[in-house]
Amino acid sequence: KLEAVIFDLDGVITDTAEHHYLAWKAIGDELNLPFTREFNENLKGVSRLESLRLLLSLSPVELKYTDEELHALAERKNELYKELIASIKPSDVLPGILPLLEDLKARGIKTAIASASKNAFAVIGNLQMEQYFDIIVDAAKIKNSKPDPEVFLSAAQQLGVKPQSCVGVEDAVAGVDAILAANMTAIAIGNKDHFPHAHHTYSSTEELNAQELIEIHQRTAA
Ligand code: BG6
Ligand code: MG
């Protein structure tokens with residue numbers, strides 16, 4: 001039985017995947033790296049420092065940075081990102097999300113956020129959505145980043161439900177892998193070709209609905 005739906009934040013609840021992309025793009029341009037939207041798919045769901053490592057791997061020559069320099073670059077990306085998210089407002093929640101959350105609540109299905117971001121509480125605060133989630137797990141509370149299942153398992157544990165009773169919703173390849181590793185039903189949002197392993201892919205959050213999630217979970221739960 002479906003007992004909880006655990007949502008990724010960036011790119012699922014609101015379009016902060018775009019803000020992350022724009023901030024990394026600015027850093028990539030400064031360093032003259034051939035950073036594209038296509039390559040950015042690899043950064044989605046991935047921690048800040050690991051994202052930087054992937055970005056720097058685009059250099060044709062080996063870049064030698066000290067740990068201090070790496071942290072300074074990551075920090076600068078984060079400053080750019082924080083400027084971009086400062087203007088997020090309640091109307092920036094993606095289509096279909098609020099009706100879904102309300103429908104889930106009406107059906108007694110719990111909800112949580114499982115985010116790899118250290119800015120998760122700032123984003124949810126700007127959206128004024130704290131009250132919609134039973135539990136919020138962010139990067140500050142976990143050791144292992146997606147695709148490790150830790151953030152999803154931690155959310156399920158805090159909700160008091162078994163992983164097999166959960167559906168996870170993600171826009172990132174690393175995130176879908178984390179959901180599958182957690183033994184949950186994996187719903188992807190985006191281009192179907194990016195998510196061959198997801199149990200179901202929707203092209204937009206607008207298509208999400210509680211009844212269908214219940215049915216997909218029933219068909220696919222371990
Ligand atoms: C994830 C995003 O939610 O959080 C990634 O999908 C991002 O793009 C990661 O790198 C870490 O976020 P932050 O805000 O801690 O740099
Ligand atoms: Mg995401």
Side-chain angles (χ1 to χ4, degrees), residues 5-28 35-58 70-88 92-94 96-97 112-127 129 133 136-152 154-155 167-180 182 184 186-191 194-195 198 201-205 208:
V5 179
I6 306 176
F7 295 85
D8 172 46
L9 174 67
D10 295 322
V12 171
I13 301 298
T14 189
D15 198 14
T16 34
E18 182 67 12
H19 298 120
H20 281 293
Y21 164 74
L22 291 171
W24 284 126
K25 177 73 181 150
I27 302 285
F35 183 56
T36 60
R37 281 188 181 274
E38 175 90 3
F39 189 77
N40 181 58
E41 289 302 313
N42 302 306
L43 274 61
K44 287 186 179 173
V46 170
S47 74
R48 194 181 305 165
L49 275 176
E50 178 62 11
S51 297
L52 176 60
R53 204 190 58 75
L54 288 169
L55 178 72
L56 296 177
S57 76
L58 287 170
L70 288 174
H71 279 93
L73 276 172
E75 184 51 35
R76 227 150 42 73
K77 180 269 177 178
N78 194 47
E79 290 304 319
L80 293 170
Y81 179 69
K82 286 201 295 194
E83 281 171 33
L84 293 170
I85 62 171
S87 56
I88 287 180
D92 290 326
V93 54
L94 283 169
I97 294 293
I113 290 282
S115 175
S117 171
K118 293 184 174 153
N119 295 294
F121 280 90
V123 171
I124 293 165
N126 287 354
L127 292 169
M129 284 187 76
F133 303 104
I136 296 171
V137 187
D138 71 345
K141 299 198 199 71
I142 54 144
K143 283 201 211 71
N144 305 298
S145 300
K146 299 170 186 178
D148 189 282
E150 183 181 352
V151 67
F152 285 97
S154 169
V167 162
V169 185
E170 265 287 353
D171 70 321
V173 175
V176 166
D177 289 346
I179 296 170
L180 294 172
M184 299 177 182
I187 303 291
I189 307 291
N191 180 340
H194 293 154
F195 304 106
T201 303
Y202 292 109
S203 60
S204 137
T205 53
L208 285 164

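Whatever order the structure lists them in is the order used to number ligands and atoms, beginning at 1.
Restricting Asp8 to its N/O/S atoms, the shortest distance to the Mg ion (ligand 2) is reached by OD2. If you look at Asp10 and ask which of its N, O or S atoms sits nearest the Mg ion (ligand 2), the answer is O. Per residue Asp171, closest N, O or S atom to the Mg ion (ligand 2): atom name OD1.
In the displayed structure, Glu79 atom CD is contacted under 6.0 Å by more than 12 heavy atoms of other residues, nucleotides or ligands.
A donor-acceptor pair under 3.5 Å links the side-chain atoms of Thr36 to the main chain of Phe39, judged by distance alone. Side-chain atoms of Asp138 never come within 3.5 Å of backbone atoms of Phe121 as a donor-acceptor pair (strictly under, hydrogens ignored). A distance-only check finds a donor-acceptor pair linking the side chain of Ser51 to the backbone of Val46 [under 3.5 Å].
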Salt bridge (charged side-chain N to carboxylate O under 4.0 Å, His left out) between Lys141 and Glu150, intermediate numbers included: CA-CA 10 Å; Lys141 299 198 199 71; Glu150 183 181 352; over 6 Å; no
Pair Leu127-Asp92, side chain to side chain contact (heavy atoms under 4.5 Å, CB included): steps then yes or no: CA-CA 7 Å; Leu127 292 169; Asp92 290 326; 4.1 Å; yes
Chi angles and distances behind the salt bridge (charged side-chain N to carboxylate O under 4.0 Å, His left out) call for Lys44, Glu41: CA-CA 5 Å; Lys44 287 186 179 173; Glu41 289 302 313; 3.1 Å; yes
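In this structure, atom 2 (C) of ligand 1 lies nearest to the protein heavy atom Asp10 OD2, 3.5 Å. Atom 16 (O) of ligand 1 has as its closest protein heavy atom Arg48 NE, 2.7 Å. Regarding atom 11 (C) of ligand 1, its nearest protein heavy-atom neighbour is Ala116 O, 3.4 Å. The protein non-hydrogen atom at the shortest distance from atom 9 (C) of ligand 1 is Val46 O, 3.2 Å.
Short contacts between ligand 1 and Asn119, defined as distances under 4.0 Å to a heavy atom of the residue, involve ligand atoms 13 (P), 14 (O). Listed by number with element, the atoms of ligand 1 under 4.0 angstrom from any heavy atom of Ser51 are 10 (O). In summary, the atoms of ligand 1 found under 4.0 Å from a heavy atom of Lys118, numbered by their order in the structure, are 13 (P), 14 (O), 15 (O).
Residues Leu55 and Leu73 have side chains not in contact (no heavy-atom distance under 4.5 Å, counting atoms from C-beta outward). Considering only heavy atoms from C-beta on, Leu208 comes within 4.5 Å of Ile187 through its side chain.
Under 3.5 Å, the side chains of Lys77 and His20 contain a donor-acceptor pair of N or O atoms. When only modelled atom types and interatomic distance are considered, Asn78 and Asn119 share a side-chain donor-acceptor pair under 3.5 Å.
The nearest N, O or S atom of Glu170 is not closer to the Mg ion (ligand 2) than 2.8 Å.
Only the backbone of Leu43 comes within contact range of ligand 1, with a heavy atom under 4.0 Å; no side-chain atom does.
At a 3.5 angstrom cut-off on N or O pairs, Trp24 does not count as close to ligand 1. Between Tyr81 and ligand 1, no pair of N/O atoms sits closer than 3.5 Å. For Asp8, no nitrogen or oxygen atom sits less than 3.5 Å from a nitrogen or oxygen atom of ligand 1, counting backbone and side chain alike.
Residue-ligand proximity: Ala172 is placed with every non-hydrogen atom at 4.0 Å or more from ligand 1. Taking a 4.0 Å cut-off on heavy atoms, Gly45 registers as neighbouring ligand 1.
When the options Ala23, Ser117, Ala139, Ser145 are ranked by their closest heavy atom to atom 12 (O) of ligand 1, first place goes to Ser117.
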